[in-house]
2 protein chains.
Amino acid sequence: MSNAPNATVERILDAAETRIKLTGYNAVSFRELADAVSVKSASVDYHFPAKADLGVALVKRYHERFFEALAANTASATPRQKLRAFAALYREALNNNGAICLCGMLGAESGGLPRPVVRAVRGFFEANIAWIGAVLKDGALSDAPRDDATLIVASLQGALMLAASLDDLSVYDRAAKRIARFAFA
Amino acid sequence: MSNAPNATVERILDAAETRIKLTGYNAVSFRELADAVSVKSASVDYHFPAKADLGVALVKRYHERFFEALAANTASATPRQKLRAFAALYREALNNNGAICLCGMLGAESGGLPRPVVRAVRGFFEANIAWIGAVLKDGALSDAPRDDATLIVASLQGALMLAASLDDLSVYDRAAKRIARFAFA
DNA sequence: GTCTATAAGATGATAGAC
DNA sequence: GTCTATCATCTTATAGAC
């Protein structure tokens with residue numbers, strides 16, 4: 001297996017992530033991904049024997065990249081800056097119009113997904129809540145850090161969905177601004 | 001067409017609503033709905049020539065029922081009571097474990113849905129925001145009623161998704177309680 | 001309004017050549 | 001690691017009998 005940045009596996013994951021963020025897990029097929037990376041669908045099956053394998057690999061990569069970027073963006077930040085960096089990172093999902101957070105999409109569709117994918121998505125959200133909870137606690141910004149962390153994650157995820165549905169990205173920006181004001185400004 | 005409460009059309013819509021709230025639009029097939037109501041899939045096609053027709057009818061019914069229930073539950077309520085009634089009505093989606101709001105699901109999947117369905121979902125959210133905005137204004141509960149209304153809808157929708165994903169209904173209840181505290185308590 | 005039958009295509013997945 | 005070829009199944013949708 002090559003480590004080249006454009007290795008087939010990575011390109012398949014890229015194509016899958018872009019599409020699932022827009023249309024959901026069940027709307028994306030192996031053939032569609034194969035076409036997108038100019039291979040045959042048998043090659044996709046070679047790398048991901050079952051669709052659930054692709055789903056798990058995708059969420060795992062998303063999870064890792066998210067926290068790597070979060071760490072990089074908050075190296076010497078105050079608690080308030082950390083929370084703003086978190087909201088800014090969530091927003092990147094909207095850059096491809098109509099797309100939302102990968103895990104927001106899969107979380108909504110949980111009831112119809114393979115169990116291993118559901119577990120991976122749950123792990124992403126638990127890590128999100130733990131991270132924000134630690135920041136709130138560190139900054140003494142909340143009297144109930146875990147509840148407020150959960151609310152912040154829920155609000156930002158809901159704002160992504162609503163922005164996509166209403167086709168108005170400013171919905172997210174205005175929501176994030178008011179969350180900051182109410183919860184930790 | 002009969003007006004009996006169990007007419008086939010209504011039973012198909014019931015089955016579709018239950019399933020789409022759990023697994024999403026693309027995971028639900030006509031055959032599955034036909035089996036659920038004990039008819040053949042050709043009968044489903046008779047009532048809904050295309051899947052988009054079913055989607056639009058479903059969202060339209062959901063929209064109408066939601067605002068009928070909201071009106072009934074807030075007949076002589078104060079603004080604060082109205083907002084609590086709204087949050088309580090949203091919560092009913094969670095009664096079937098793992099399910100979320102029909103429009104929350106379809107809003108997330110917008111990028112892969114037929115345009116008429118997308119428009120109907122958008123109409124639901126716009127009506128939600130307008131209703132809450134009017135309540136906030138009426139009760140002088142916000143200095144930016146429209147922005148706060150949008151944030152409240154986003155937060156409650158996100159809380160439904162997160163509660164389903166984490167398989168913990170208390171996530172919604174705790175979020176709703178804290179939204180009330182920050183925004184209008 | 002529901003049925004049987006079927007079309008025409010997509011889907012996840014596998015076997016085996018290169 | 002990618003390919004061709006194929007499978008069994010599912011998908012939305014239609015035609016026509018009852």
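Just so it is clear: chains get the letters A, B, ... in the order the sequence lines come, proteins before strands, and each one is counted from 1.
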S.K.: At 4.0 Å (heavy atoms only), tell me whether B/V28 reaches a base, stays on the sugar-phosphate, or touches nothing.
M.R.: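 B/V28: backbone/sugar contact only, no base atoms under 4.0 Å.
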S.K.: Return the nearest nucleotide to the side chain of B/S43; candidates are C/dT4, C/dT2, D/dT2.
M.R.: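 The closest nucleotide is C/dT2.
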S.K.: Between C/dA13 atom C1' and A/K40 atom NZ, what is the distance in whole Å?
M.R.: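 Interatomic distance, NZ of A/K40 to C1' of C/dA13: 17 Å.
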S.K.: What is the distance, to the nearest angstrom, from the NE2 atom on B/H47 to the P atom on D/dA13?
M.R.: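 About 16 Å, once rounded to whole Å.
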S.K.: Whether A/S29 contacts C/dA10 is assessed here as follows: a side-chain N or O lying under 4.0 Å from the phosphate OP1 or OP2. Is that the case?
M.R.: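 Answer is no, no contact under 4.0 Å.
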S.K.: Quick one: A/N26 CG to C/dG12 C1', roughly how many Å, whole number?
M.R.: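 The answer, rounded to whole Å, is 12 Å.
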S.K.: Give a yes or no on whether the backbone of A/G133 and the side-chain of A/R146 come within a donor-acceptor separation of less than 3.5 Å.
M.R.: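 Absent.
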S.K.: Does the B/R11 side chain pair with the main chain of B/V37, one donor and one acceptor, at a distance under 3.5 Å?
M.R.: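 Yes; at least one donor-acceptor contact below 3.5 Å.
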S.K.: Within 45 degrees of the ring normal and closer than 6.0 Å to the centroid, is that where the cationic atom of A/K51 sits relative to A/Y25?
M.R.: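 Verdict for A/Y25: a cation-pi partner in A/K51.
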S.K.: For the pair made of NZ in A/K51 and P in C/dA10, what is the distance, rounded to whole Å?
M.R.: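 Rounded to the whole Å, the gap is 15 Å.
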S.K.: B/V37 near the nucleic acid: base, sugar-phosphate alone, or nothing, with a heavy-atom cut-off under 4.0 Å?
M.R.: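 Contact class for B/V37: none.
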S.K.: Do A/F67 and A/Y62 have ring centroids that are under 6.0 Å from one another?
M.R.: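 No.
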S.K.: Nearest whole Å is fine: how far is C/dG1 P from B/E10 CD?
M.R.: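 Those two atoms, CD and P, are 13 Å apart.
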S.K.: Between atom CG in B/D45 and atom P in D/dT11, what is the gap in whole Å?
M.R.: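 So the CG-P distance, B/D45 to D/dT11, works out to 13 Å.
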S.K.: B/Y46 near the nucleic acid: base, sugar-phosphate alone, or nothing, with a heavy-atom cut-off under 4.0 Å?
M.R.: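 Since a base atom lies under 4.0 Å of B/Y46, the category is base.
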S.K.: Please report the distance, rounded to the nearest Å, between CZ in B/F48 and C1' in D/dT11.
M.R.: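 Taking CZ of B/F48 and C1' of D/dT11, I get 18 Å after rounding.
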S.K.: Among D/dT14, D/dA5, C/dT11, which nucleotide sits nearest the side chain of A/R31?
M.R.: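 Nearest to the side chain of A/R31 among the choices is C/dT11.
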S.K.: Rounded to the nearest angstrom, tell me the gap between atom CZ in A/F30 and atom C1' in C/dG9.
M.R.: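 Computing the A/F30:CZ to C/dG9:C1' distance gives 19 Å.
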S.K.: Examine C/dT2: is either OP1 or OP2 under 4.0 Å from a nitrogen or oxygen in the side chain of B/T8? Give yes or no.
M.R.: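 The answer is yes; a side-chain N or O of B/T8 sits under 4.0 Å from OP1 or OP2.
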S.K.: Give a yes or no on whether a salt bridge exists between B/K21 and B/E17, defined as a side-chain N under 4.0 angstrom from a carboxylate O.
M.R.: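 Answer for the salt bridge query: yes.
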